[in-house]
**Q** 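Sending over a structure as C-alpha cells; questions will come in a sec.
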Amino acid sequence: MTLVNDAAPPAVRSTGRKFRAYTAKHLDELTARAGLSADQRLAIRAVATVLPFRTNSYVVEELIDWSAAPDDPIYRLVFPQEDMLPADDVAHIAGLLRRQAPRQEIEAAAHRVRMRLNPHPAGQLELNVPSFGDGVVPGMQHKYDETVLYFPKQGQTCHAYCTYCFRWAQFVGEPDLKLAGDDALQLRDYLVAHPRVTNVLFTGGDAMIMGEPVLRRYVEPLLELEQIESIRIGTKSLAYWPQKFVTDPDADAMLRLFEQVVNAGKSLAFMAHFSHPRELEPAMVREAVRRIRGTGAVIRTQAPLIRSINDDPKVWETMWRTQTRMGMVPYYMFVERDTGPRDYFAVPLGRAYEIFRDAYRHVSGLARTVRGPSMSATPGKVCVDGVLELAGEKVFALHFIQCRDSDLVGRPFFAKYDPAAVWLDDLKPAFADRFPFEDMAVPDRR
Ligand SMILES: *Cc1c(COP(=O)(O)O)cnc(C)c1O
C-alpha cells in the first residue's frame, strides 16, 4: 500500500478488483491486524452489536495505514472504538458474547443501548415526511420549500460505514428506524403537485450503492419535469469505492445516465462526502473524478468535523485545496449531529469555528465556496459565523443557511458564548429572550 504521492502512480486498473465487503464477522481478524489484544477485540465486537460496521477491501488495503492503526484516522473512520459507548453497556454485551449467549439476548441488549442514542435526530421520522394523496410518501423528506430528499429502498447501505454516521440507524436491524421508498412514480407525482420543488436529492445510505438500472428508474421520470433544476446524489462512493465509476460493470452506463441528466437541461450535482485528504490520493479516485466531471456533472464536497479524525485546520485546508485542484467544489463543513456516539466525536462549536476559519483563510477564493461550520438542526441549517464581543457580552454570531421558514434565512442572530456548547440545543439567546426560530410556524406541505 502506498499513501504518499509517488512520482509514478500505480496503473488505475490494477486496483479494479471486484467489490468485497467486510462485516462484523471479519472484525476480530481485522482488529488483530491493528494489534489489539483479545479483550480489546471483544469490546469492539460488543460495540459492533449496537452500531453498524461494514468496510471493504479497497478501504482496508488502499486507504488505512495499518502501521499507524488503531490511531490512523481512516482506521478510526470505519472501525468501532471501545469507548464509543458507555463502559457498562460494553462490558455487559462483551459478557454476553464471551459466554455465547443466544442471539436474541444479545440483540435485545443492543436494542436497549441504541434507543438511548437518539437514533433519529431532528425528529426525522415524524417531522419531515410529507402527506400526499391517501397517506404519507414513504422514503421522502420535504423540509425546505425548494428541495426534497428521497431515500430509495435499494440505496440503504454504503460501500463502507463511517463510525460517526448520523444515519447509522438506517443500517442496524431496526425496521422502525428506517426511511425508504421505492415508488418512483409517486415521487414524480408528488413533485408535479408541488411545483416549487426544483431540487431532488437522492440519499441513503448511499445512492451510489444502486446499480445503474435501478437508479435510472428513479431519475428518468424526473427528466421530463420542467420545474426540476437539479438532481443531487449524496454519496461517499468516491472515497470508499471509486471503482464504481471506473471498472465496475455498470460504470460506463452510470456515466451515460449522468450525461442524460445534463443533456435534459438539469444540473447533476454529485454530493461527494470526503472526510480526510487521504481519501483523495489514490489514482483510482482521480480517474473517477475525471470521468464523472466528463459527463458535465458538478462534484460538490462535504463532510462533518469529527474529533480524532479531521479536527485540524490543516486537514481541511488540504482537502479543500486538493478538491479545488481536482475540479471539485467545496460545499459544506458540518457539525457532528446529536445522535449515535456523538460525545465521542463532538467538537465544541467555538473550536469548530476556529478550525473552519483557520482553514478558510488559507485557501483561495475558489475554495471559499464552502460554508460552515453548519448544524443541521430541527429548524434548519445554522452556521456559526464567529465568536465576538458585543456590548460587553461574548457571543456567537449565527445565521440560517437553510430554514423551514425561509424568511429567517440569512438573518444574523446571537447566542451567549459557551465554550462547551456542541449543538444548537446547548445555546441560550443573547440580547433577546428567545431565538427567532422558536416562534416559527412550521409550514404545512399538504
Ligand atoms: C441540507 C439539506 C437540504 C439541502 O439544503 P441546501 O442548502 O440546498 O444544500 C435539503 N433537505 C434537508 C433535510 C437538508 O438537511
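Just so you know, these numbers use all the heavy atoms, side chains as well, and skip hydrogens, waters and symmetry mates. Remember, it's 1-based here, ligands and their atoms both numbered in the order they're listed.
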**Q** Counting from 1, what ligand 1 atoms have a heavy atom of Gln402 closer than 4.0 Å?
**A**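 Counting from 1, the qualifying ligand atoms are 5 (O), 6 (P), 7 (O), 8 (O).
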
**Q** Which residues pass the side-chain contact (heavy atoms from CB on, under 4.5 Å) test with Arg196, sequence neighbours left out?
**A**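 Checked Arg196 against side-chain contact (heavy atoms from CB on, under 4.5 Å); matches are Asp145.
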
**Q** For the ring pair Phe53 and Tyr161, is the centre-to-centre distance below 6.0 Å?
**A**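 They do not qualify: ring centres at least 6.0 Å apart.
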
**Q** So if I count the atoms of ligand 1 from 1 in the order they appear, which ones are less than 4.0 Å from some heavy atom of Lys143?
**A**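 Counting atoms of ligand 1 from 1, those under 4.0 Å from Lys143 are 13 (C).
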
**Q** Does Arg357 come within less than 4.0 Å of Asp385, counting only side-chain N to carboxylate O?
**A**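 Between Asp385 and Arg357 there is no salt bridge, as every charged N stays at least 4.0 Å from the carboxylate O atoms.
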
**Q** Which donor-acceptor pairs under 3.5 Å do the side chains of residues 344-353 make with protein atoms, sequence neighbours left out?
**A**
{"residue": "Tyr344", "atom": "OH", "partner": "Arg76", "partner atom": "NH2", "Å": "2.6"}
{"residue": "Arg351", "atom": "NH1", "partner": "Glu354", "partner atom": "OE1", "Å": "3.1"}

**Q** Within a distance under 4.0 Å of any heavy atom of Tyr331, pick out the atoms of ligand 1 and give their elements.
**A**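 Taking each heavy atom of Tyr331 in turn, ligand 1 has 6 (P), 7 (O), 8 (O), 9 (O) under 4.0 Å.
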
**Q** What part of Leu149 sits under 4.0 Å from ligand 1 if we count only heavy atoms: the side chain, the backbone, both or neither?
**A**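 The answer is the side chain of Leu149.
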
**Q** Hey, is ligand 1 close enough to Thr147 that some N/O pair sits below 3.5 Å?
**A**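 No, no N or O pair falls under 3.5 Å.
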
**Q** Taking 4.0 angstrom as the limit, do Asp89 and Arg116 come out as a salt bridge?
**A**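 Yes, Asp89 and Arg116 are salt-bridged.
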
**Q** Considering Arg404, Gln302, Glu146, Arg232 one by one, which has a heavy atom nearer to atom 8 (O) of ligand 1 than any of the others?
**A**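 Minimum heavy-atom distance to atom 8 (O) of ligand 1 goes to Arg232.
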
**Q** Thinking salt bridges, do Glu212 and Arg256 make one under a 4.0 Å N-O criterion?
**A**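 Between Arg256 and Glu212 there is no salt bridge, as every charged N stays at least 4.0 Å from the carboxylate O atoms.
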
**Q** Give yes if a backbone or side-chain nitrogen or oxygen of Lys381 is under 3.5 Å from a nitrogen or oxygen of ligand 1, and no if not.
**A**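 Checking ligand 1 against Lys381, an N or O pair does fall under 3.5 Å apart.
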
**Q** Step by step, would you call Asp250 with Arg216 a salt bridge (Lys or Arg N to Asp or Glu O under 4.0 Å)?
**A** CA-CA 12 Å; Asp250 63 345; Arg216 177 176 290 278; over 6 Å; no

**Q** Would you check whether Tyr332 has a nitrogen or oxygen atom less than 3.5 angstrom from a nitrogen or oxygen atom of ligand 1?
**A**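 Indeed, backbone or side chain, Tyr332 has an N or O that close.
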
**Q** Geometry only, no angles: is Arg371 polar-contacting ligand 1 at N/O separations under 3.5 Å?
**A**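 Checking ligand 1 against Arg371, no N or O pair falls under 3.5 Å apart.
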
